Each structure stands twice: as structure tokens, then as C-alpha cells.
J.: 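Once you've had a glance at the structure underneath, I'll fire off some questions.
Note that the structure is predicted; figures quoted are calculated from it, not measured. Atoms within each ligand, like the ligands themselves, are counted from 1 in listed order.
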Amino acid sequence: MSDEANPFESLQSQIDDAAAYLDIGDDVIERLKYPERILETNLTIERDDGDLERFKAFRSQFNGDRGPYKGGIRYHPQVSRDEVRALSGWMTYKTAIVDIPLGGGKGGIVIDPNDYSEAELERLTRAFAREIRPMIGEDQDVPAPDVNTGQREMNWIKDTYETLENTTEPGVITGKALDSGGSEGRVEATGRSTVLAAREAFDYLDKDLEGATVAVQGYGNAGWIAAKLIDEMGATVVAASDSSGGIYNADGFDPVAAKDHKNETGSVVGYAESEEEITNEDVLTLDVDLLIPAALENAIDADLAEDVTADVISEAANGPLTPEADEVLEEKDVFVIPDILANAGGVTVSYFEWVQNRQRFYWSEERVNEELETHIVDGFDALVESLEEHDIENPRTAAYVVAMQRVADAFAEAGSWP
Ligand code: NAD
């Protein structure tokens with residue numbers, strides 16, 4: 001992983017690339033490049049041994065022109081102001097490309113949650129919820145899970161908010177457990193959109209997904225579900241990795257059994273069906289038809305991109321390629337389905353969860369998956385239309401052209417205050 005690429009600079013360069021094709025004034029483009037506001041705060045909680053510890057935390061509200069800010073909360077030692085700013089921008093263009101009426105936001109706490117007990121994480125999560133309470137709400141800003149957070153943390157945030165506000169407002173947060181107002185299909189949604197987008201790309205490129213070989217970098221929520229679903233579509237998962245290393249079997253392996261092994265041992269490494277152990281880097285450069293990066297940003301830099309041999313990349317992770325890597329892959333004719341579309345399933349089903357919470361009427365999993373498929377296929381079609389209409393080489397740029405135009409239109413339609 002490259003330490004050098006600054007994700008916020010990556011976002012801004014992606015916006016600049018797309019701006020070249022848009023008839024939007026520089027003043028509006030400038031607005032599209034920065035968050036509207038960002039909260040930087042310090043949370044102090046009591047450890048189980050009675051000591052106090054301080055944690056830095058952020059919430060960025062990038063753009064609310066199309067609806068309430070929307071985006072996850074990440075717990076990771078690498079969380080920084082610039083990372084949160086970038087992730088909130090990517091959310092803005094993600095909600096726009098799949099055309100759901102939400103804006104973009106993101107939050108994070110600088111912490112390695114593995115070093116803390118559940119009780120400590122609950123105190124920290126509730127402290128964060130108290131801090132962001134004035135800026136969130138179902139019509140203001142609706143957080144969700146991200147790396148190292150899930151239903152448990154979302155339930156704590158919902159409970160803290162509702163207790164302090166003396167109300168029931170499940171739509172204040174998404175990614176909740178079913179009994180707390182969550183949606184069917186939410187846990188699988190990100191992996192599902194990653195493979196739906198890949199299916200559309202294979203179809204567009206006239207390539208057969210049946211029997212195609214697949215490598216998955218990162219075997220967490222997004223990665224392992226993508227592996228399971230692409231296997232169900234007839235492709236063959238030959239490699240996977242997590243932070244401990246990678247596994248490879250040229251004949252393919254059972255993605256569910258590999259996940260069971262990770263659940264039992266903490267890693268995919270050592271999984272019995274694996275022919276050989278390989279490095280994280282090897283997984284990214286294997287000769288496969290489809291590569292799914294599903295770990296963190298900057299996984300592939302320009303040097304590594306030179307060695308990438310996949311034909312199609314579906315970005316389950318946010319920002320897995322540096323802008324320089326993107327250029328190299330464009331020259332090599334690798335079709336990269338950008339994160340803002342490939343992993344948009346998470347936010348799309350979050351949107352469905354929010355709709356269900358507001359209606360107090362819950363959908364079947366079948367309905368959720370059908371509606372998700374419509375948004376992802378429509379998003380992919382809009383990307384292809386933009387690619388062809390503007391004669392753009394890079395699918396990411398084509399997607400940004402669509403998304404930025406939608407945000408700019410909403411801003412223009414709102415008019416300005418005298
Ligand atoms: P997760 O914590 O469940 O999984 C992350 C996985 O990546 C883990 O298996 C970890 O071991 C692995 N990993 C970390 N560093 C690695 C490395 N250097 N090489 C290989 N593997 C490595 O997180 P997640 O929710 O699956 O999120 C993964 C990515 O998907 C993130 O970029 C996140 O922003 C993005 N994403 C997730 C969702 C969602 O709904 N979960 C939605 C949109 C985008």
C-alpha cells in the first residue's frame with residue numbers, strides 16, 4: 001500500500017478530471033471540491049482500569065444539495081482529517097451516480113478497536129454519538145457503518161440519540177440490526193453491488209462471467225460477500241487476502257468455507273482448500289479476469305498497477321487506486337468500475353432502510369435486492385452513456401461527469417439567497 005497518496009487530493013484530482021467534460025463554471029467546481037463543514041473533536045473516555053484516554057474523532061458533511069448528508073463511521077488507526085474529507089466527498093458522488101436523494105458525509109475515530117474491550121468501545125461510541133447529536137438527524141445527517149463498525153455500534157448510536165432526544169427516530173442511523181429497525185439485505189448490499197456492477201461490465205465488454213477467475217483483496221464484510229455472490233453467479237474465486245496474507249488455488253475454492261476459516265482463526269491464511277499461501281501484493285497482480293479490491297484506500301499505486309493483469313476491476317473498497325495507478329490502468333485498457341458505483345450498494349440499501357424507518361413499513365429481502373439491482377444497473381447505464389457521449393476513456397471520469405452534473409443541477413435549482 002502506498003503511504004504517499006493523500007485521499008483528499010485523489011478526490012480533488014478525480015473531480016478535476018471530470019470537470020474538463022462539464023459545462024459548469026469554475027466557481028461551482030470549486031464548491032464541489034470541498035466539504036461544507038467538518039467537526040474535529042476529542043473524546044475522553046474511562047478505560048476499564050479507571051485511566052482516562054483521549055481519542056480524536058471527525059464528522060465531515062461534504063454536500064447536502066441533494067438531501068441529508070449520508071456516510072459511515074470508521075474506527076481505524078489511519079483515520080485522519082483528510083481521509084474523512086475524501087470519504088465524505090466520495091459519498092456525495094456515490095449517492096448521485098445511483099440517484100438516491102441523499103448527500104455525502106463521513107465520520108471516523110482514530111483507534112484500533114482490537115485493543116479495547118466491548119464496554120470501552122460502547123463508552124467511546126456513545127461519547128461520539130453525544131458529540132455529533134446536534135448535527136445528525138433523519139433530515140440532517142444519517143451515519144452508517146464503515147470499516148470496523150457494524151450493527152452493534154449503530155444500535156448504540158441510535159439508542160444514545162433517541163434517549164437524549166426523548167424520541168424514537170430509527171432513521172437517524174442506518175446499518176442497524178433487524179430488531180432495531182434495520183433492513184433486510186443491508187449486510188450483503190455492498191458485496192452485491194460490487195458483483196452486479198461487475199456483471200454489467202462483463203456484459204458491456206462482451207466477456208463471459210461464467211468460469212471467469214476472480215481475486216479478492218480484503219475478506220471483510222464487502223470482500224467476502226462479493227466472493228460468495230460472484231461464486232454463485234458462476235465465476236471461480238481463486239484468491240483472497242486479509243491483513244495477515246493471501247491464499248490461492250488455481251481451481252478455485254469455496255468462499256463460504258474460507259470465511260468460516262477466518263471466523264475461527266482470524267484469517268483466511270491456512271484455509272485447507274488453499275493450494276498455496278501468497279502475499280497481499282500477489283493477490284493484486286494475479287492473472288485473473290476480475291480483481292475486487294475490498295480493503296482500504298491506496299492499495300494499488302502506479303508501480304503495482306504496472307503489474308496488474310486483471311481485465312476488470314470492481315472497486316468494493318473506497319479509493320483503492322491512487323490517481324497515478326488509475327492512469328496506468330487506463331493505458332493498459334483495464335476496465336475499472338469506480339468505487340462510487342461498485343460499492344454503492346451499501347448506501348443504496350441504507351437509503352431503503354431510511355425509507356422503511358420513516359414509513360414504519362418494512363420490505364422483504366426480495367424487494368430490497370430487486371430495487372438495489374435497478375439502481376446499480378441504471379447507474380452503470382448512465383456511466384456507459386457518459387463514456388460514449390463524451391468519448392471518455394476512463395469509466396471513473398465518466399461516472400463523476402454524471403454525478404457532478406446531478407449535484408450541480410440541484411445546487412443551481414435551489415437558487416441563491418439575496
Ligand atoms: P471490514 O473491516 O469488514 O474488512 C476489511 C478487510 O480488509 C479485513 O478482512 C482486513 O483484514 C482486510 N485488510 C486490511 N488491510 C489489508 C491489506 N493490506 N491487504 C489485504 N487485506 C487487508 O471492512 P468492510 O466494511 O468490508 O470495508 C472494506 C472497504 O469497503 C472499505 O474501503 C470501505 O470503505 C468499503 N465499503 C464498505 C461498505 C460496507 O457496507 N461495509 C460500503 C461501502 C464501501
Side-chain angles (χ1 to χ4, degrees), residues 1-3 7 10 70-79 83-84 86-88 90-91 93-95 98 104 106-108 112-114 143-154 174-176 182-183 185-194 197 215-228 239-247 255 258-259 261-263 265-269 278-285 291-301 304 314-321 338-351 353 372 376:
M1 183 190 298
S2 153
D3 293 329
S10 299
K70 186 85 191 82
I73 295 172
R74 175 176 291 198
Y75 288 3
H76 198 276
Q78 271 176 26
V79 163
E83 184 187 62
V84 172
L87 288 162
S88 66
W90 286 325
M91 287 305 298
Y93 301 110
K94 192 178 299 186
T95 53
V98 289
K106 203 79 176 194
D112 184 345
N114 297 316
D146 193 72
V147 175
N148 290 328
T149 61
Q151 292 182 342
R152 183 182 69 174
E153 288 75 16
M154 301 307 108
T174 60
K176 303 176 293 290
S183 175
R186 173 63 184 85
V187 173
E188 293 203 333
T190 302
R192 187 173 291 279
S193 65
T194 303
V216 181
Q217 181 232 15
Y219 219 62
N221 175 264
W224 106 262
I225 299 281
K228 180 179 87 132
S241 66
D242 57 32
S243 43
S244 306
I247 55 173
K259 173 62 176 172
H261 181 84
K262 183 172 165 70
N263 285 348
T265 65
S267 172
V268 290
V269 176
I278 55 176
T279 65
N280 279 323
E281 202 162 298
D282 294 336
V283 170
L284 297 166
T285 54
L291 172 64
I292 299 180
L296 294 175
E297 52 266 26
N298 298 335
I300 304 179
D301 61 14
L304 197 62
S314 192
E315 294 183 331
N318 284 306
L321 311 185
D339 46 7
I340 59 168
L341 177 62
N343 71 32
V347 72
T348 304
V349 176
S350 274
Y351 161 58
E353 180 177 334
L372 170 61
I376 300 302

J.: Examine distances only and state if a side-chain atom of Thr190 and a backbone atom of Gly345 form a donor-acceptor pair shorter than 3.5 Å.
T.: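 No: the side chain of Thr190 does not pair with the backbone of Gly345.
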
J.: Quick one: which ligand 1 atoms are inside 4.0 Å of a heavy atom on Tyr219?
T.: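 Close to Tyr219: 6 (C), 9 (O).
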
J.: Can you tell me which portion of Lys106 lies within the under-4.0 Å heavy-atom range of ligand 1? Options are side chain, backbone, both, or neither.
T.: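 Neither; nothing of Lys106 gets under 4.0 Å from ligand 1.
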
J.: Taking it one step at a time, do Ser350 and Arg186 satisfy side chain to side chain donor-acceptor pair (under 3.5 Å)?
T.: CA-CA 7 Å; Ser350 274; Arg186 173 63 184 85; 3.1 Å; yes

J.: Please state which part of Asn318 comes within less than 4.0 Å of ligand 1, counting heavy atoms only: side chain, backbone, both or neither.
T.: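 Asn318 to ligand 1: contacts from backbone and side chain alike.
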
J.: Do Gln78 and Leu296 have side chains that get closer than 4.5 Å, going by heavy atoms?
T.: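 Gln78 reaches Leu296 side chain to side chain.
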
J.: What do we get for Lys262 next to ligand 1 when only non-hydrogen atoms under 4.0 Å count, side chain, backbone, both or neither?
T.: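 For Lys262, only side-chain atoms sit under 4.0 Å from ligand 1.
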
J.: Do the side chain of Glu353 and the main chain of Lys176 share a donor and acceptor less than 3.5 angstrom apart?
T.: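 Checked: pair present.
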
J.: A side-chain contact here means heavy atoms from C-beta on lying under 4.5 Å apart; do Leu321 and Glu315 qualify?
T.: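 Counting from C-beta outward, Leu321 and Glu315 do come under 4.5 Å.
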
J.: Which ligand 1 atoms are under 4.0 Å away from a heavy-atom of Ala295?
T.: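 Taking each heavy atom of Ala295 in turn, ligand 1 has 7 (O), 13 (N), 16 (C), 21 (N), 22 (C), 28 (C), 29 (C), 31 (C), 32 (O) under 4.0 Å.
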
J.: Report, in ascending order of atom number, the atoms of ligand 1 lying under 4.0 Å from any heavy atom of Asp146.
T.: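 What qualifies from ligand 1 is 33 (C), 34 (O).
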
J.: Minimum heavy-atom separation for Glu153 to Asn148, with atom names?
T.: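 That would be OE2-O, 4.3 Å.
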
J.: Minimum distance, heavy atoms only, to atom 19 (N) of ligand 1: which one of Val347, Val349, Asn280, Leu296 is it?
T.: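 Minimum heavy-atom distance to atom 19 (N) of ligand 1 goes to Asn280.
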
J.: Using a heavy-atom cut-off of under 4.0 Å, does the side chain or the backbone of Ser244 touch ligand 1, or both, or neither?
T.: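 The answer is neither.
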
J.: Considering Pro145, Gly150, Ser243 one by one, which has a heavy atom nearer to atom 11 (O) of ligand 1 than any of the others?
T.: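 It is Ser243 that holds the nearest heavy atom.
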
J.: May I ask you to list the atoms of ligand 1 that are less than 4.0 angstrom from any heavy atom of Arg74?
T.: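 Every atom of ligand 1 under 4.0 Å from some heavy atom of Arg74: 31 (C), 32 (O), 33 (C), 34 (O).
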
J.: Can you see which heavy atom on His261 is nearest to which on Val268, and at what distance?
T.: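 Minimum heavy-atom contact is CD2-O, 3.6 Å.
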
J.: Using a 4.0 Å heavy-atom cut-off, say whether Asn221 meets ligand 1 through its side chain, its backbone, both or neither.
T.: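 The answer is both, backbone and side chain.
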
J.: Hey, is Ala294 touching ligand 1 through its side chain, its backbone, both or neither, going by heavy atoms under 4.0 Å?
T.: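 Only the backbone of Ala294 comes within reach of ligand 1.
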
J.: Does any N or O atom in Gly220 lie less than 3.5 angstrom from one in ligand 1, N or O only?
T.: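 Looking only at distances, the answer is yes, because the N/O contact criterion of under 3.5 Å is met.
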
J.: Under 4.0 Å between a Lys/Arg side-chain N and an Asp/Glu carboxylate O for Glu83 and Lys106?
T.: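 Salt bridge: no.
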
J.: Are the side chains of Tyr219 and Ser267 in contact, using a 4.5 Å heavy-atom criterion?
T.: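 The answer is no; the side chains never approach within 4.5 Å.
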
J.: Can you list the atoms of ligand 1 that are under 4.0 Å from a heavy atom of Ala222?
T.: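 Counting from 1, the qualifying ligand atoms are 26 (O), 30 (O).
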
J.: Output yes when Asp339 and Lys94 qualify as a salt bridge under the 4.0 Å nitrogen-oxygen rule, no when they do not.
T.: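 Salt bridge between Asp339 and Lys94, a charged N being under 4.0 Å from a carboxylate O: no.
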
J.: I'd like the name of whichever of Pro320, Ala316, Gly175 reaches closest to atom 36 (N) of ligand 1 through any heavy atom.
T.: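 Of the listed residues, Ala316 has the closest heavy atom.
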
